[in-house]
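Since the structure comes first, as structure tokens, the remarks are kept for the end.
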Amino acid sequence: MAPLRSLWLLVLCATLAWPAGAERPNFLIILADDLGYNDVGFTGPTAIQTPHIDAIAAAGVTFTNGYVTHPYCGPSRAALVTGRYQARFGMEVNLTNSPFDVHSGLPVKEKTFATRLKAVGYRTAIVGKWHLGGSPPFHPNSRGFDYFYGFLAGGHRYWPDSVDSRHPLLLPDGRPHYSANEGCLAPLARNGEAAEFDEYLTTALSRDAAAWAAKGEEPFCLYLAYNAPHQPLEAPRELVEKYRHLKGRDRQVYAAMVDAMDQGIGMVVDALRDAGKLDNTLVFFLSDNGGIVPGVGAATSVTGAEPFADNTPFRAGKSSLLEGGTHVPFVASWPAGWPSGAVYEQPVSAIDIAATVVALGRGDATGQPMDGVDLSPYVTGQREGPPHDALFWRLDNGVGWCVRTPAAKFVLDPVSGLKNGPKLFDMVADPYESTNLATQSPAIRQELAALWNAWNAGNEPNKYLQANEYQRTRLQFYEDLRKRLDARAAKREPLVIE
């Protein structure tokens, strides 16, 4: 009876959260990539102008303790689209886009929110970055998305030409200004076919998303997954000039990239408004992880010493389990159903987005159970208390781990300089993690450890290779294969015909 009871409660909560007489809402889920916590206006003073993102916050709910489940791209996105911790299905590293590997991708047993909504009549789309597998079983069109325009890999260049004097920012000696990580040069794709773009990529993605959402029928679910402001650092020259007053060329370009993304979001929101769809569209905006901080984890391989993202007031950034890596800008707006100008302070997670849209859309709730919680009754005041007793993190089978309750956080972070044992923080009195209480509060430490161990008992070991390790292994495989083929050919007698 337990599964039936859970399904009944899911439908009941969705019904209570709807305003009387409202149709099923549309959903627009906007994900930034490597965005610094303090690089949007609604989180605090910043030199970067983000009026359209800030307007979503002003019209809706700001989640001041909004988290993602992993401090870098691929695993974070896997949890977002499934509503389940990625450790549940052993996917804790960034995947290489391998179009012929039918074992490297988001496991097919996992349902995405698109699959669950498509089953009940929603029109579904993803525009932008996928990063969850490139072979046919894992392609977005095979995972519940009717429409896909974007790229399958974890990165992409922002201009259509690799070198074009109209676009690159030129250094004093005339060389193009590109970051060390030049991203992917593969063409974009539209529903499995090669596609083009002839303008700045962020703008092209925004334009495509706006057209798709505005012209089609309702209800719809659109996942707009930007790669901005992920490296390579490239932006329109006129926008970089706008931020010439900022210190450091990388910071100027990064700010321009965020600005361009904000303008693109404004394009999509305006299109929905003009089509009369905005009032009944639930819009989420967040980042997949924190911004890059030089010297922290994977960031050391893609940037120099010059900082460009700002995770103030939090410590560390991308790749770290400290707040700067997983505590992200997180807002949502639904004019027809949720309050405006509201602030919600209890911890919430990206996995709650899938649970919320499936509940409100009365989607398919069968299959693997979601770890996320429908946020609607909490946002509207129908339910009190925190949505989660605790939130959890695990990096690659436990090289790093973390558990956070509303009151405390117990963490072992392998990349931020805190390698010498786990740390315990009071998240009420010390939300910026300045004082380690691990030796002073053994009872709290034991309580949090017990929570994490109970959660981890339901997880699977990581089953994948990190992208760079995968590439080395694949190269060695082909080298070994070539040697075997050469050896076999050497043993054969020459062919002689008469």
Side-chain angles (χ1 to χ4, degrees), residues 30-68 71 202 226 228-230 233 235-236 238-266 269 283-294 296 299 303 305-318 320 322-333 339-348 416 425 427-434:
I30 306 171
L31 189 67
D33 196 340
D34 293 0
L35 177 66
Y37 183 84
N38 199 44
D39 288 327
V40 286
F42 73 85
T43 59
T46 177
I48 303 177
Q49 297 180 22
T50 57
H52 301 290
I53 298 172
D54 299 342
I56 296 173
V61 182
T62 299
F63 297 95
T64 56
N65 279 291
Y67 289 88
V68 288
T202 301
Y226 288 108
H230 190 290
L233 297 179
E238 62 275 14
L239 280 181
V240 179
E241 291 298 319
K242 179 178 177 179
Y243 292 99
R244 181 70 70 180
H245 61 286
L246 298 183
K247 181 181 179 180
R249 187 64 162 176
D250 284 353
R251 177 66 175 169
Q252 295 168 8
V253 180
Y254 169 89
M257 295 171 76
V258 176
D259 192 314
M261 179 179 65
D262 181 79
Q263 292 184 34
I265 291 170
V269 171
V283 181
F284 282 97
F285 172 83
L286 72 163
S287 179
D288 64 345
N289 47 253
I292 288 178
V293 173
V296 174
T303 185
E306 180 184 325
F308 49 84
D310 181 7
N311 294 316
T312 305
F314 302 122
R315 297 176 62 182
K318 180 179 181 178
S320 171
L322 295 185
E323 293 290 281
T326 60
H327 192 151
V328 297
F330 197 133
V331 295
S333 171
S340 64
V343 174
Y344 190 80
E345 297 181 348
Q346 296 285 2
V348 301
S416 64
F425 300 107
M427 298 306 290
V428 177
D430 181 25
Y432 309 131
E433 302 171 299
S434 61

Under the rule for side chain to side chain donor-acceptor pair (under 3.5 Å), what residues qualify as partners of D39, not counting sequence neighbours?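 D39 satisfies side chain to side chain donor-acceptor pair (under 3.5 Å) with R251, Y254 only.
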
For a quick test of reading the model, state the closest non-hydrogen atom pair linking [X] to [Y] and the distance between them.
{"X": "Y243", "Y": "D259", "value": "OH-OD2, 2.5 Å"}
{"X": "S320", "Y": "P71", "value": "O-CB, 3.2 Å"}
{"X": "G291", "Y": "A309", "value": "CA-CB, 3.7 Å"}
{"X": "P329", "Y": "G36", "value": "CG-O, 4.0 Å"}
{"X": "M261", "Y": "T202", "value": "CA-CG2, 3.6 Å"}

Chi angles and distances behind the side-chain contact (heavy atoms from CB on, under 4.5 Å) call for I53, F42: CA-CA 8 Å; I53 298 172; F42 73 85; 3.7 Å; yes

Take V293 and N311 through the test side-chain contact (heavy atoms from CB on, under 4.5 Å) and record every step on the way to the result. CA-CA 8 Å; V293 173; N311 294 316; 3.4 Å; yes

Looking only at side chains, do N289 and D34 share a donor and an acceptor under 3.5 Å apart?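 Looking only at side-chain atoms, D34 and N289 do form a donor-acceptor pair, the distance falling under 3.5 Å.
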
Indicate whether the side chain of D310 and that of Y37 have a donor and an acceptor atom separated by less than 3.5 Å.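 Checked: D310/Y37 side chains show no N/O donor-acceptor pair below 3.5 Å.
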
Derivation and outcome, side-chain contact (heavy atoms from CB on, under 4.5 Å), residues V343 and T64: CA-CA 7 Å; V343 174; T64 56; 3.6 Å; yes

Under 3.5 Å: donor-acceptor pair, side chain of E323, backbone of F314: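 Not a single qualifying donor-acceptor pair exists.
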
Return yes if some donor-acceptor pair links the side-chain N/O of T50 with the main-chain N/O of G41 below 3.5 Å, else return no.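 Confirmed, T50 side chain pairs with G41 backbone.
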
